[in-house]
A.B. asks: 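Would you mind keeping the following structure in view while I ask a few things?
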Amino acid sequence: MRLINTTYINKLLAFQVFGLVILLSGCNSSETWKLYSDQKGFLNLNDSVEYMGMHVCKECHFEIYQTFLRTGMGMSFDSATRNKSLAVIGEDSILFDSYKNLHYKPYWQNDTLYLKEFRKQDSIEIHSRTEKISWVIGSGQHTNSHFYMSGEYAYQVPFTYYTQDEKFDFPPGFEAGNNSRFSRKIGLECISCHNRYPEFVLGSENKFTHIPDGIDCERCHGPGEIHVKLKKSGFLIDTAKYIDYSIVNPAKLSTELQIDVCVRCHLQGTMVLKPGKSFYDYKPGMPLTEVMDIFMPVFEGGKEDFIMASHFERLSQSKCYINSNKNFSCNNCHNPHISVKETSKERYNKVCQDCHQQNTGSCTLAKAERIKQGNNCYTCHMRESTSRDIPHVKIHDHKITIPPTDEELKKKRVFKGMAIINKTTFDSLTLARGYLLEYETYHPDPNYLDSANKYLQLSYPSDTNFYINALINLYFLQNDYSSIITLVEKIGVTDLLSDYLKTQDFTNYDGWTSYRIGQAFEKKGSIIVANSYYENAIKLAPYNLEFQTKYGGLLISRNKLSQAKKVFEFIISEDPNFISSYVNLGFIHLNQREIPKAEEMFDKALQLDPDNIQALINLATIYLYKYENDKVEKIIQQIKLLDPDNKMIYKLNDQLK
């Protein structure tokens, strides 16, 4: 009998599994294992193989299923119930944002969690908004953060429970005047690491038709359809002797590919996707570099710090990793099926002592001090530290090192640039895209734009989609709309639309480029061209409500009010909490002299956001029309607090006289 060939594999991937079993039934078990083990490459890496879900895996792997559910991954994400949440909520569990003068109070109603936002004036509640919390994200080993759904659109809410300090505070990025309240979008990048793959709506940023409830087996082992069908048909492999190629076992991968399984989520830097790839595309057993490159800032000198999910970045700087010829992986210390809380310190110490025997004098710490430290290698050499991106958490630094001296800590810490952590070779366009994304996502430092510009000027095929996208993105972030227009006109206004900006995918790259070009032409007064690019943006990404809003606003400026009205009504039908749509609909009704309807829209916008200046100004216009001058004066005072230099303050005052 000949070995499995390509045609044979294709048959298997077409799910003719029972045919395979029949073919193999003539062999004895030893021949069957040999035949199957000679296959090169895992069959479940094919895109057509379906995910089955952890409930199917547990039928055969129940013990592993039970222990995995207690790991950080197993507890990563779930519905917001008392059983999932670790937050201790009492009457005094209230957060106050002094910048926005807003209070936040989480509370339970039966088994449902809510968050109430409110504002008081002279002990009277003058604003209140309550949202039902749908999801808790985070294992609880460090944090529980929270999402809510507006229709099918996912957003983060402004409270997190930090379990190590047992305290409430704002989530990372919401502090120091940056509270985005209920509008921080939760997209595929976030969910795809903290969860198993959701059903994400193509052409959106944060719309989901289904969100699962936690990381499962297939995130590390790959989709299980072939594996399940083979086992249920009776086709078994002696895995003590042979590799079962129907499912990925990370232990059978090279060290580099093992690490890639972990790095996919335990290296949370700036993730630059390869052209044509999405966050769905990585599967265990394939090189991560086929899907994405991960950038992180590099520093030298001074006291080192690190982000929460920088495990591999820090490990890769360790002599233990470097001197092992990169054969030291996460699995040397961690069993992903067992919680770190249930892993004995002896397991971790043994990894160290296998190379650094206790009796060789490797440890220079006095015996008494070693005993005081619990005789744990990792206490000194993987020091517990705070992270620079998430407050109130302490984690072990995965850079295994001798503790720095006071002299070393006094050195100045210097930023050296961005580096791709998961590979050593790269091209100029990838570097440029990394700097652009870092600027947009984390640190709006103009030096990043300078670096992106430098790499874009290097030789690269300048007629490719991704080069054009990156260059327009750079100009847009620099507010250089003239350069965008010059580039578009050089390629051809219609040619760019017909030949380049036509790909619909999960990244919305071409949609974003169309949107940015539309803004550039609109700001320069070329309304018709802007309209064409906005229409292309919403054609490619119809559920990106920011695109829809910009297009609707342009229709208003062109006095196409009935068309604009349909756009904003569509947005509200999709996301009933999309504030700007109520403001725009109110403006349309106001222009059509439908005063009660306009007032209703502005009131709705202000119920959602009491500080929406445009809604306040428009509502003041209605109050002037109704001669309710006392209400106009209150609005003027509110705008003065929010934006003292707003010119409408003077116009409203003039109309009161």
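Computed over heavy atoms, backbone and side chain alike; hydrogens, waters and symmetry mates excluded.
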A.B. asks: Look at Glu304 together with Arg314 and state whether they make a salt bridge at an N to O cut-off of under 4.0 Å.
C.D. replies: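 Between Arg314 and Glu304 there is a salt bridge, with a charged N closer than 4.0 Å to a carboxylate O.
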A.B. asks: Using the rule given for side-chain contact (heavy atoms from CB on, under 4.5 Å), can you reason through Asn335 versus Thr343, listing the C-alpha separation, both sets of side-chain angles and the distance that settles it, and then say yes or no?
C.D. replies: CA-CA 8 Å; Asn335 180 344; Thr343 302; 5.8 Å; no
A.B. asks: Any donor-acceptor pair under 3.5 Å linking the side-chain atoms of His221 with those of Asn249?
C.D. replies: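 No, no side-chain donor-acceptor pair sits under 3.5 Å.
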A.B. asks: When you check the gap from the basic side-chain N to the acidic O, do Asp293 and Arg433 get nearer than 4.0 Å?
C.D. replies: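 Looking at Asp293 and Arg433, the cut-off is not met.
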A.B. asks: Salt bridge or not between Asp165 and Lys394? Use side-chain N to carboxylate O under 4.0 Å.
C.D. replies: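 Salt bridge: yes.
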A.B. asks: Does a side-chain heavy-atom distance below 4.5 Å link Tyr107 with Lys116?
C.D. replies: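 With C-beta onward as the side chain, the pair touches.
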A.B. asks: Within a strict 4.5 Å, meaning less than it, do heavy atoms of the Thr270 and Ile294 side chains meet?
C.D. replies: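 In short, these two side chains do not touch, never coming nearer than 4.5 Å.
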A.B. asks: List the steps, then state whether salt bridge (charged side-chain N to carboxylate O under 4.0 Å, His left out) holds for Glu256 with Lys326.
C.D. replies: CA-CA 8 Å; Glu256 187 175 17; Lys326 302 183 179 179; over 6 Å; no
A.B. asks: Please lay out, stage by stage, how Met308 and Val393 fare under the test side-chain contact (heavy atoms from CB on, under 4.5 Å).
C.D. replies: CA-CA 9 Å; Met308 181 77 170; Val393 301; 3.9 Å; yes
A.B. asks: Could you tell me whether Lys283 and Asp47 have a side-chain N and a carboxylate O separated by less than 4.0 Å?
C.D. replies: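 Answer for the salt bridge query: yes.
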A.B. asks: Can you tell me if Asn349 uses its side chain to pair, donor with acceptor, with the backbone of Cys377 under 3.5 Å?
C.D. replies: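 Present.
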A.B. asks: Is it the case that Glu440 and Asn473 place a side-chain donor and acceptor less than 3.5 Å from each other?
C.D. replies: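 A donor-acceptor contact under 3.5 Å links the two side chains.
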A.B. asks: Could you pull out all residues at least two apart from Ser150 that satisfy side-chain contact (heavy atoms from CB on, under 4.5 Å)?
C.D. replies: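 side-chain contact (heavy atoms from CB on, under 4.5 Å) check on Ser150 returns Tyr148, Tyr155, Asp575, Pro576, Asn577.
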A.B. asks: For Arg181, is there an ion pair with Asp97 - N to carboxylate O distance below 4.0 angstrom?
C.D. replies: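 No.
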A.B. asks: Return yes if a side-chain donor-acceptor contact under 3.5 Å exists between Asn422 and Asp260, otherwise no.
C.D. replies: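 Absent: no donor and acceptor within the cut-off.
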A.B. asks: To the nearest 0.5 Å, how far apart are NZ in Lys277 and CE in Met292?
C.D. replies: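 One finds 10.5 Å between NZ of Lys277 and CE of Met292.
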A.B. asks: Cation-pi between Arg219 and Tyr197: NZ/CZ under 6.0 Å from ring centre and within 45° of the ring axis?
C.D. replies: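 Relative to the ring axis of Tyr197, which defines the angle, Arg219 lies inside both limits.
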A.B. asks: For Cys330, does its backbone N or O pair with a side-chain atom of His334 as donor and acceptor, under 3.5 Å?
C.D. replies: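 Answer holds: no.
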A.B. asks: side-chain contact (heavy atoms from CB on, under 4.5 Å) between Asn195 and Ile137: does it pass, once the steps are laid out?
C.D. replies: CA-CA 9 Å; Asn195 210 341; Ile137 184 170; over 6 Å; no
A.B. asks: Counting neighbours of CD on Glu63 that are heavy atoms of other residues, nucleotides or ligands and sit closer than 6.0 Å, is the number greater than 12?
C.D. replies: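 No, because the 6.0 Å sphere around CD of Glu63 holds 12 heavy atoms or fewer from other groups.
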A.B. asks: Considering non-hydrogen atoms only, spot the tightest contact between Pro284 and Leu45 and give its length.
C.D. replies: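 Scanning both residues completely, I find the closest heavy atoms to be O-CD2, 3.0 Å.
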A.B. asks: Any donor-acceptor pair under 3.5 Å linking the side chain of Asn206 with the backbone of Ala154?
C.D. replies: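 Judged by distance alone, yes, a pair lies under 3.5 Å.
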A.B. asks: Is the closest side-chain heavy-atom distance between Phe328 and Cys333 below 4.5 Å?
C.D. replies: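 Side chain of Phe328 against side chain of Cys333, heavy atoms only: contact under 4.5 Å found.
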A.B. asks: Donor-acceptor pair, Asp281 side chain versus Ser278 backbone, under 3.5 Å?
C.D. replies: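 It does hold such a pair.
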A.B. asks: Indicate whether the side chain of Ser339 and that of Thr71 have a donor and an acceptor atom separated by less than 3.5 Å.
C.D. replies: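 Note: Ser339 and Thr71 side chains miss the donor-acceptor criterion.
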A.B. asks: Going by the ring-ring contact (aromatic ring centres under 6.0 Å, His included) test, name the single residue among Phe170, Tyr162, Tyr161 that passes it with His392.
C.D. replies: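 Passing option: Tyr162.
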A.B. asks: Using 4.0 Å as the upper bound for N to carboxylate O, is an ion pair formed by Asp213 and Arg196?
C.D. replies: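 Yes.
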A.B. asks: Is the side chain of Ser76 donor-acceptor paired with the backbone N or O of Met73 at a distance under 3.5 Å, no angle test?
C.D. replies: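 Here the side-chain-to-backbone pair exists.
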A.B. asks: Got a second to check how far Asp216's CG is from Leu69's CG, nearest 0.5 Å?
C.D. replies: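 Going from CG on Asp216 over to CG on Leu69, the span is 10.0 Å.
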A.B. asks: Quick check: does any side chain N or O of Ser85 sit under 3.5 Å from a backbone N or O of Thr81, one acting as donor and the other as acceptor?
C.D. replies: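 Here the side-chain-to-backbone pair does not exist.
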A.B. asks: Is a side-chain donor or acceptor of Tyr321 paired with a backbone partner of Ile400 at a separation under 3.5 angstrom?
C.D. replies: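 Here the side-chain-to-backbone pair does not exist.
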A.B. asks: Parallel, tilted or perpendicular: which one describes the rings of Tyr378 and Tyr348, with boundaries at 30° and 60°?
C.D. replies: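 Plane angle over 60°, so perpendicular.
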A.B. asks: Could you go step by step and tell me if Thr513 and Asn469 meet the side-chain hydrogen bond (donor to acceptor under 3.5 Å, both in side chains) rule?
C.D. replies: CA-CA 6 Å; Thr513 300; Asn469 287 343; 2.6 Å; yes
A.B. asks: What's the separation between atom OG in Ser329 and atom CG in Leu253, rounded to the nearest 0.5 Å?
C.D. replies: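 If I round to the nearest 0.5 Å, the distance is 10.0 Å.
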A.B. asks: Taking atom CG of Leu115 and atom OH of Tyr104, what is their separation to the nearest 0.5 Å?
C.D. replies: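 Leu115 atom CG to Tyr104 atom OH measures 7.5 Å (nearest 0.5 Å).
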A.B. asks: Is it true that Glu189 and Arg264 make a salt bridge, defined as a side-chain N closer than 4.0 Å to a carboxylate O?
C.D. replies: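 Salt bridge flag = no for Arg264 with Glu189.
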A.B. asks: Whether Lys274 and Glu290 form a salt bridge (side-chain N of Lys/Arg under 4.0 Å from carboxylate O of Asp/Glu) is what I want to check.
C.D. replies: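 No salt bridge links Glu290 with Lys274.
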A.B. asks: Please indicate whether Tyr99 has more than 12 foreign heavy atoms, meaning atoms of other residues, nucleotides or ligands, lying under 6.0 Å from its OH.
C.D. replies: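 It does not: Tyr99 OH has 12 such atoms or fewer within range.
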A.B. asks: Quick one: sort the Phe506 and Phe200 rings into parallel, tilted or perpendicular, breaks at 30° and 60°.
C.D. replies: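 Ring orientation of Phe506 relative to Phe200: tilted.
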A.B. asks: Counting N and O atoms only, with roles assigned by atom type, does the side chain of Glu346 sit under 3.5 Å from a partner on the main chain of Ser344, one being a donor and the other an acceptor?
C.D. replies: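 No, Glu346 side chain to Ser344 backbone: no donor-acceptor pair under 3.5 Å.
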A.B. asks: Can you confirm whether the side chains of Asn327 and Asn325 place a donor and an acceptor under 3.5 Å from each other?
C.D. replies: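 Their side chains do not contain a donor-acceptor pair, so the 3.5 Å distance test is not met.
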A.B. asks: Could you check whether Phe299 and Phe306 have their ring centres less than 6.0 Å apart?
C.D. replies: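 When the ring centroids of Phe306 and Phe299 are compared, they turn out to be at least 6.0 Å apart.
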A.B. asks: Without swapping roles, check the side chain of Asn376 against the backbone of Thr379 for a donor-acceptor pair under 3.5 Å.
C.D. replies: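 No, Asn376 side chain to Thr379 backbone: no donor-acceptor pair under 3.5 Å.
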A.B. asks: Are Met271 and Phe295 packed together at the side-chain level, in the sense that at least one heavy-atom pair is separated by less than 4.5 angstrom?
C.D. replies: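 No, every pair of side-chain atoms sits at 4.5 Å or beyond.
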A.B. asks: With the side chain counted from C-beta on, respond yes when Met418 and Leu431 share a heavy-atom pair under 4.5 Å apart, and no when they do not.
C.D. replies: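 No, every pair of side-chain atoms sits at 4.5 Å or beyond.
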A.B. asks: Are Arg388 and Asp305 within salt-bridge range, i.e. N to O under 4.0 Å?
C.D. replies: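 Answer for the salt bridge query: yes.
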A.B. asks: Would you call Thr430 and Tyr455 a side-chain contact if the rule is heavy atoms closer than 4.5 Å?
C.D. replies: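 No, their side chains stay 4.5 Å or more apart.
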A.B. asks: Angle class for the Phe159/His146 ring planes (parallel below 30°, perpendicular above 60°, tilted otherwise)?
C.D. replies: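 Parallel, since the angle between the ring planes stays under 30°.
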A.B. asks: Between the side chain of Ser180 and the main-chain N/O of Ser183, is any donor-acceptor distance below 3.5 Å?
C.D. replies: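 Answer holds: no.
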A.B. asks: Taking NZ, NE, NH1 and NH2 as the nitrogens, is one of them in Lys207 or Glu152 under 4.0 Å from a carboxylate oxygen of the other?
C.D. replies: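 Answer for the salt bridge query: yes.
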A.B. asks: Using distance alone, with no hydrogens and no angle criterion, decide if Tyr51 and Glu218 have a side-chain donor and acceptor under 3.5 Å apart.
C.D. replies: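 No, no side-chain donor-acceptor contact under 3.5 Å.
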A.B. asks: Rounded to the nearest 0.5 Å, how far does CD1 of Ile211 lie from NE2 of His194?
C.D. replies: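 Going from NE2 on His194 over to CD1 on Ile211, the span is 13.5 Å.
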A.B. asks: Would you check if the distance from the ring center of Trp512 to the ring center of Tyr515 is below 6.0 Å?
C.D. replies: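 Yes, the ring centres sit under 6.0 Å apart.
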A.B. asks: Are side-chain heavy atoms of Phe466 and Leu429 found at a separation under 4.5 Å?
C.D. replies: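 In short, these two side chains touch, coming nearer than 4.5 Å.
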A.B. asks: When you compare the side chain of His266 with that of Phe312, does any pair of heavy atoms fall below 4.5 Å?
C.D. replies: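 Side-chain contact under 4.5 Å: no.
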A.B. asks: Using a strict 4.0 Å threshold on nitrogen-to-oxygen distance, state whether Lys350 and Asp354 make a salt bridge.
C.D. replies: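 A salt bridge links Lys350 with Asp354.
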A.B. asks: Any chance CD of Glu300 has more than 12 other-residue heavy atoms, nucleotides or ligands included, within less than 6.0 Å?
C.D. replies: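 No, the 6.0 Å shell around CD holds no more than 12 heavy atoms from other groups.
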A.B. asks: Please report the interatomic distance OG1(Thr441) to CG(Leu436), rounded to the nearest 0.5 Å.
C.D. replies: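 Thr441 atom OG1 to Leu436 atom CG measures 10.0 Å (nearest 0.5 Å).
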